[in-house]
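Working notes, beginning with the structure itself.
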Amino acid sequence: ASYPLLPTLRNMRNDRDGMIASYQKVLELDPSQHERKRELGKLYEGKGDFDKAMTMYAQYAELFPTNEDVFLALGNLEQLRGKHDLARTNIDKALSIASSDVGALVRMGALERDLGNFEAAERQLTQASERARTPDARIAALEAWASYHDFRGQYTRSIDFTEQLIEAMSSDWDPSSFED
């Protein structure tokens with residue numbers, strides 16, 4: 001069997017355990033396939049196996065210490081585990097690598113929100129909104145604002161941001177790209 005193709009086929013079948021086995025085999029056959037470690041981390045996180053996810057992300061971060069995405073993944077995972085100080089440390093690492101990264105600003109805003117630091121959360125989300133230059137970044141910032149206001153019980157504000165989010169998503173959608 002072609003091991004690089006197996007994970008794709010297993011993904012199509014939503015066979016998470018099969019995908020994990022395939023990526024592990026790929027790494028066994030070719031240890032230089034470092035990206036598979038990050039993909040394994042995502043799969044383990046999706047299964048709720050946070051210890052294995054943490055191991056995979058940490059191995060990837062050791063190999064690629066300037067990749068902010070892996071530190072965001074580590075921060076998210078630590079936040080899910082309730083380890084807020086470690087979450088902050090990892091998100092801060094991501095921000096030190098890419099201070100304008102909207103995803104990192106949104107993630108820090110979510111952490112501050114969850115900890116009840118609402119002024120700090122609003123500062124992070126304001127920065128994210130100001131730095132959002134692409135449609136995807138704008139959508140991420142609007143989604144974060146909607147979530148923030150929902151969390152605070154400010155449903156009218158949440159709906160306002162959700163409507164802006166829907167508008168941003170629909171203006172970025174090009175139905176002609178799907179025509180034959």
Spatial distance of atom CG (L43) from atom CZ (R16) [nearest 0.5 Å]: 6.5 Å
ILVMFWY cluster, W145 and M169 together (side-chain gap under 4.5 Å): yes
Verdict with supporting geometry, Y148 and R157, side chain to side chain contact (heavy atoms under 4.5 Å, CB included): CA-CA 9 Å; Y148 170 81; R157 296 285 325 264; over 6 Å; no
Within 6.0 angstrom of R38 CZ, more than 12 heavy atoms from elsewhere: yes
Nearest-0.5 Å distance that lies between atom CD in E35 and atom CG in L63: 11.0 Å
Axial cation check for F118 ring with R152, 6.0 Å and 45° limits: yes
side-chain hydrogen bond (donor to acceptor under 3.5 Å, both in side chains) evaluation trace for D30 with Q33: CA-CA 6 Å; D30 183 0; Q33 295 283 318; 3.2 Å; yes
Sequence neighbours excluded - side chain to side chain donor-acceptor pair (under 3.5 Å) pairs with any residue from residues 87-100: R88-E112
Contact summary for G41 and A53, nearest pair of heavy atoms: O-CB, 3.4 Å
Side-chain heavy atoms of H84 within contact of E78, under 4.5 Å: no
Cluster overlap V70 with F50, hydrophobic side-chain contacts below 4.5 Å: yes
Least distance between heavy atoms, A104 atom then L72 atom: CA-CD2, 3.5 Å
same_hphob_cluster(Y57, L80) at 4.5 Å side-chain heavy-atom cutoff: yes
Side-chain (S22) to main-chain (G18) donor-acceptor, under 3.5 angstrom: yes
Steps toward side chain to side chain contact (heavy atoms under 4.5 Å, CB included) verdict (L40, L27): CA-CA 10 Å; L40 277 166; L27 279 169; 3.7 Å; yes
Closest heavy-atom pair and its distance - P65, F71: O-CE1, 3.4 Å
Residue pair E163, D160: steps toward the side chain to side chain contact (heavy atoms under 4.5 Å, CB included) verdict: CA-CA 5 Å; E163 287 172 349; D160 290 343; 4.3 Å; yes
Distance, nearest 0.5 Å, that separates CG of L77 from CE of M54: 4.0 Å
Within residues 46-56 or reaching into it, pairs that qualify as side chain to side chain donor-acceptor pair (under 3.5 Å) - sequence neighbours excluded: D17-K47, D51-R81
In one Ile/Leu/Val/Met/Phe/Trp/Tyr side-chain cluster, 4.5 Å: L86, L74: no
Ring centers of H34, Y60 separated by less than 6.0 Å: no
Ring-face cation of R36 near Y23 (centre distance under 6.0 Å, axis angle within 45°): no
Donor-acceptor contact below 3.5 Å, side chain S129 vs main chain A141: no
Separation between CZ of R138 and CD of E167, rounded to the nearest 0.5 Å: 7.5 Å
Side-chain touch T126/R123, heavy atoms, less than 4.5 angstrom: no
Heavy-atom closest contact (R113 atom, S147 atom, distance): NH1-OG, 2.9 Å
Test side chain to side chain contact (heavy atoms under 4.5 Å, CB included) applied to Q124 and V106, step by step: CA-CA 7 Å; Q124 295 297 322; V106 163; over 6 Å; no
Side-chain heavy-atom pair Y44, M56 within 4.5 angstrom cut-off: yes
SB check K25 E28 (cutoff 4.0 Å): yes
Nearest-0.5 Å distance, CD of residue E130 to CG of residue L105: 10.0 Å
Rounded distance [0.5 Å steps], CD1 in I91 versus CG in D101: 11.0 Å
Non-hydrogen atoms of E68 and A98 that approach each other most closely: CD-CB, 3.9 Å
Same apolar cluster: F161 and L125, side chain cutoff 4.5 Å: yes
Heavy-atom pair with the smallest gap, counting every atom of A168 and L142: CB-CD1, 3.9 Å
Distance-only polar pair, side chains of D136 and T134, donor-acceptor under 3.5 Å: no
